[in-house]
Amino acid sequence: MNIQFYNTLSNSMEPFEPLNAPKVTMYSCGPTVYDYAHIGNFRSFLFADLLRRFLEAVGYEVRHVMNITDVGHMTEDQVADGGGEDKMASAARRLKESKKQGTDHATAIENPDDPFQVAEFYMDAFLEDARTLGLKVAFEESENIFRATDHIPAMQAMITKLLERGHAYQCVDGTVYYSVESFPSYGKLSGNTLDQIRSGAGGRVEAEDQASKRHPADFLLWKPDESHLMKWDSPWGTGYPGWHIECSAMASLVLGDVIDLHTGGEDLIFPHHECEIAQSCGVTGESHFARFWLHARFLMVEGEKMSKSKGNFFTVRDVLQGKATGRDVHPAVLRYELIKSHYRANMNFTKKGLSDSAAVVRKLREFTASMQQKSGGEAAPIDQTHPIWGEFLNALSDDLNISKAMGGIMTWLASSPTDASEALAVCQKLDTILGFSLEEPTQPLEEAEAGGEAEQAESLCKQIDEARQAKDYASADAARQKLIELGYEVSTTKEGTSCKKQLV
RNA sequence: GGCGCCGUGGCCAAGUGGCUAAGGCAGCGGAUUGCAAAUCCGCCAUCGCCGGUUCGAAUCCGGCCGGCGCCUCCA
């Protein structure tokens, strides 16, 4: 299979071959855990997940690593004196407020002033969301999810090497900076040049913040600061590491000096990933840190940039609990909504898109269920040579063209496949990438609804049947209307009335 | 000002020089239904604009217009 991806490094499509096939090393920049993750974060994480699942489906052994940024970086990290507010401090402030009002399960945190507890809380929340949405790496917590605070020594070792090799310098106040002028390729990823960075940025580089640095683009490696909430001892004074160093340190620690794939949101291209390259290559002397850099475009909400002030800011929890739609959303629906458009185009998150996605998820789940029934659960053995599955993979091999891939599946569904065990096998294969839990079409829904509501629904169905038998259609319609309002989909057949929870 | 991405029907979106421009959702007409839902059948676009290359362009080139991102913490 010819796989090609758009590499930000070259701004062009490049054929993909791992350095040490069949192994693939992949690193994704993960979340900063001082708040709940929002759907935009997950658009980027799920794109990485899609990439990873695709590579596995075509036979590669993927080691996918993701970091958790739990160091309390400053809200204005770039500013030389470490200005702004500590992110952990601002999280603590928010948590205390919501704790007072009892509006949040933040009540679970004993002491919001303990930054480690705050980080722990939001990390758990992130992992929970990630598992709910089928982010594979989140199920590999111990092997592949790494916390920055657990790797301070590795970061310090890297900083020491950078100082030794002349890529870093220490100011009189002890702050350690990376010297971008010591690294000729700085700017290659983002297309910036040092001159442009110096003069550019619309004149927003403020002179006084830059005073101690040799070049305005020099970035922080270590900041001695006794007053910082999270601090560690170091040869350069007690303080905290710069934001960029954790990814360089952890990636090389577990994946080696040169990795195959590195992903993140488009906003990370500069400065974050540019700085990672400078640090890693500065230490290893290699020409590449990651051979392929893939970046996901931003997510918009109803045509606008998502922001708290516009009121269109949604966390994963918000959407699943119906804040965006007024009705609970099944995780598979949100997952599909976030992966269904090409990662390199801006995606527009809309209520309508969500219900479109629900229709697709539903269609596939019902088809799978019927094939399962017809085949008695016996799936035929198929591989990449299967026309449908092969075509699906082939579409994805072209820079993850999921629209084309799904187009093929929809056409296939419409053709009413006759070989049930073969069709079931295709569904199972698809599910390894789509992650819809196709083979448990109703289970998770009913479990979630266990208790009063499910019983109520059942009795309403019974009422409909009884009323219809008595030709009391007004009562039957009323009962059905009630079920619909409860979020159920009702169907009446010769066998009687049944209902199930709608996906959206 | 610098560096990039994008512009196909109401919405999402495939298509990268040549059959009647995939597919999904919505909509419309019909079958089915007590009425519905689901399902099935049918209908629904000349590709942002202008110019060029070519026998032939949504697809290549140039210009313009428009949207978006980064250049500052941000997926």
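Lettering follows sequence order; numbering is per chain, from 1. Everything quoted here is computed from the prediction, not taken from an experiment.
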A.B. asks: Regarding A:Ile409, tell me which of base, sugar-phosphate or nothing describes its non-hydrogen contacts under 4.0 Å with the strands shown.
C.D. replies: nothing
A.B. asks: Listed in order of residue number, which residues of residues 38-46 of chain A have a non-hydrogen atom at under 4.0 Å from RNA chain B?
C.D. replies: A:His38, A:Gly40, A:Asn41, A:Ser44
A.B. asks: Let me know the distance between CD1 of A:Ile464 and C1' of B:C35, rounded to the nearest Å.
C.D. replies: 12 Å
A.B. asks: Output the rounded distance in Å from CE (A:Met306) to P (B:C68).
C.D. replies: 16 Å
A.B. asks: Is A:Glu366 salt-bridged to A:Lys500, going by a charged N under 4.0 Å from an acidic O?
C.D. replies: yes
A.B. asks: Measure from the side-chain heavy atoms of A:Asn401 and tell me the nearest of B:C74, B:G15, B:C70.
C.D. replies: B:G15
A.B. asks: Partner of B:C3 by Watson-Crick or G-U wobble geometry, both contacts under 3.5 Å, or none?
C.D. replies: B:G69
A.B. asks: Just to be sure I understand the rule, does A:Lys471 reach a base, reach only the sugar-phosphate, or reach nothing, if contact means heavy atoms closer than 4.0 Å?
C.D. replies: nothing
A.B. asks: In whole Å, what separates the P atom of B:C3 from that of B:U72?
C.D. replies: 16 Å
A.B. asks: Between A:Asp465 (CG) and B:G34 (C1'), how many Å, whole number?
C.D. replies: 14 Å
A.B. asks: Is the ring pair A:Phe42/A:Phe45 parallel, tilted or perpendicular, if the boundaries are 30 and 60 degrees?
C.D. replies: perpendicular
A.B. asks: Could you tell me the separation between the CD atom of A:Glu366 and the P atom of B:C40, rounded to a whole number of Å?
C.D. replies: 11 Å
A.B. asks: On RNA chain B, compare the nucleotides closest to A:Pro31 and A:Lys340; which residue's is nearer the 5' end?
C.D. replies: A:Lys340
A.B. asks: Considering only atom P, compute the distance from B:G23 to B:A45 and round it to an integer number of Å.
C.D. replies: 13 Å
A.B. asks: Hey, is the side chain of A:Lys188 poking within less than 4.0 Å of OP1 or OP2 on B:G4, counting only N and O atoms?
C.D. replies: no
A.B. asks: What closest approach, in Å, do A:Ala91 and A:Tyr34 show between heavy atoms, and which atom pair accounts for it?
C.D. replies: CB-O, 3.4 Å
A.B. asks: Could you check A:Leu55, A:Leu255, A:Thr25, A:Asn7 and say which one makes a side chain to side chain contact (heavy atoms under 4.5 Å, CB included) with A:Leu261?
C.D. replies: A:Leu55
A.B. asks: Please check if atom NZ in A:Lys482 has more than 12 non-hydrogen atoms from other residues, nucleotides or ligands closer than 6.0 Å.
C.D. replies: no
A.B. asks: As a test of reading the structure: which of B:C74, B:C70, B:G34 is closest to the side chain of A:Arg480, going by heavy atoms?
C.D. replies: B:G34
A.B. asks: Got a salt bridge between A:Glu141 and A:Arg131, using NZ or NE/NH1/NH2 to carboxylate O under 4.0 Å?
C.D. replies: yes
A.B. asks: Could you give the distance separating B:G48 and B:A58 at their C1' atoms, to the nearest angstrom?
C.D. replies: 12 Å
A.B. asks: Between B:U72 atom C1' and A:Asn192 atom CG, what is the distance in whole Å?
C.D. replies: 13 Å
A.B. asks: Using Watson-Crick or G-U wobble geometry with both distances below 3.5 Å, tell me the partner of B:G51, or none.
C.D. replies: B:C61
A.B. asks: Classify the nucleic acid contact of A:Ser341 as base, sugar-phosphate or nothing, counting any heavy atom under 4.0 Å across all strands shown.
C.D. replies: sugar-phosphate
A.B. asks: Any salt bridge between A:Arg52 and A:Asp49, counting N to O under 4.0 Å?
C.D. replies: no
A.B. asks: Below 3.5 Å is the cut-off: list the nitrogen or oxygen pairs between protein and nucleotides 5-7 of chain B, distance only.
C.D. replies:
residue	atom	partner	partner atom	Å
B:C5	OP1	A:Tyr6	OH	3.1
B:C5	O2'	A:Arg344	O	3.3

A.B. asks: Which base, if any, makes a Watson-Crick or G-U wobble pair with B:G15, both distances under 3.5 Å?
C.D. replies: B:U8
A.B. asks: What integer number of Å spans the C1' atoms of B:C65 and B:A22?
C.D. replies: 29 Å
A.B. asks: Without decimals, in angstroms, what is the distance between A:Leu503 CG and B:A37 P?
C.D. replies: 18 Å
A.B. asks: P atom, B:A31 versus B:C12: distance in rounded Å?
C.D. replies: 33 Å
A.B. asks: Can a salt bridge be assigned to the pair A:Lys404 and A:Asp398 using a cut-off of 4.0 Å between side-chain N and carboxylate O?
C.D. replies: no
A.B. asks: Here's one to test your reading of the geometry: is the NZ or CZ of A:Arg365 within 45 degrees of the ring axis of A:Phe436 and under 6.0 Å from its centre?
C.D. replies: no
A.B. asks: Grab the N/O contacts between the protein and nucleotides 21-31 of chain B below 3.5 Å, and write none if there aren't any.
C.D. replies:
residue	atom	partner	partner atom	Å
B:C25	OP1	A:Lys363	NZ	3.2
B:C25	O2'	A:Asp356	OD1	2.3
B:C25	O2	A:Lys352	NZ	3.3

A.B. asks: Are A:Glu466 and A:Lys462 ion-paired here, with the side-chain N under 4.0 Å from a carboxylate O?
C.D. replies: no
A.B. asks: Atom CD of A:Glu274 and atom C1' of B:G2: how far apart are they, to the nearest Å?
C.D. replies: 14 Å
A.B. asks: Starting from the 5' end of RNA chain B, give me the residue, A:Ser190 or A:Thr32, whose nearest nucleotide shows up first.
C.D. replies: A:Ser190
A.B. asks: Quick one: look up who B:U20 pairs with, Watson-Crick or G-U, both distances under 3.5 Å, and put none if it's unpaired.
C.D. replies: none
A.B. asks: When rounded to the nearest Å, what value does the distance between C1' atoms of B:U8 and B:U16 take?
C.D. replies: 14 Å
A.B. asks: Would you mind reading off the distance between A:His272 atom NE2 and B:C70 atom C1', rounded to a whole angstrom?
C.D. replies: 15 Å
A.B. asks: If the threshold is 4.0 Å, N to carboxylate O, is there a salt bridge linking A:Lys323 and A:Asp318?
C.D. replies: yes
A.B. asks: Taking 5.5 Å and 30° as the limits, would you call A:Phe298 and the base of B:G69 a stacked pair?
C.D. replies: no
A.B. asks: Applying the Watson-Crick and G-U wobble criteria at under 3.5 Å, what pairs with B:U39? Answer none if nothing qualifies.
C.D. replies: B:A31
A.B. asks: Taking only the C1' atom of each, what is the distance from B:A13 to B:C25 in whole angstrom?
C.D. replies: 11 Å
A.B. asks: Would you call A:Lys501 and A:Asp328 a salt bridge, using N to O less than 4.0 angstrom?
C.D. replies: no
A.B. asks: Base, sugar-phosphate, or nothing for A:Ile269, non-hydrogen atoms under 4.0 angstrom?
C.D. replies: nothing
A.B. asks: Quantified in whole Å, what is the C1' atom distance between nucleotide B:U53 and nucleotide B:C19?
C.D. replies: 24 Å
A.B. asks: Which of parallel (below 30°), tilted (30 to 60°) and perpendicular (above 60°) describes A:Tyr240 and A:His228?
C.D. replies: parallel
A.B. asks: Thinking salt bridges, do A:Asp129 and A:Arg317 make one under a 4.0 Å N-O criterion?
C.D. replies: yes
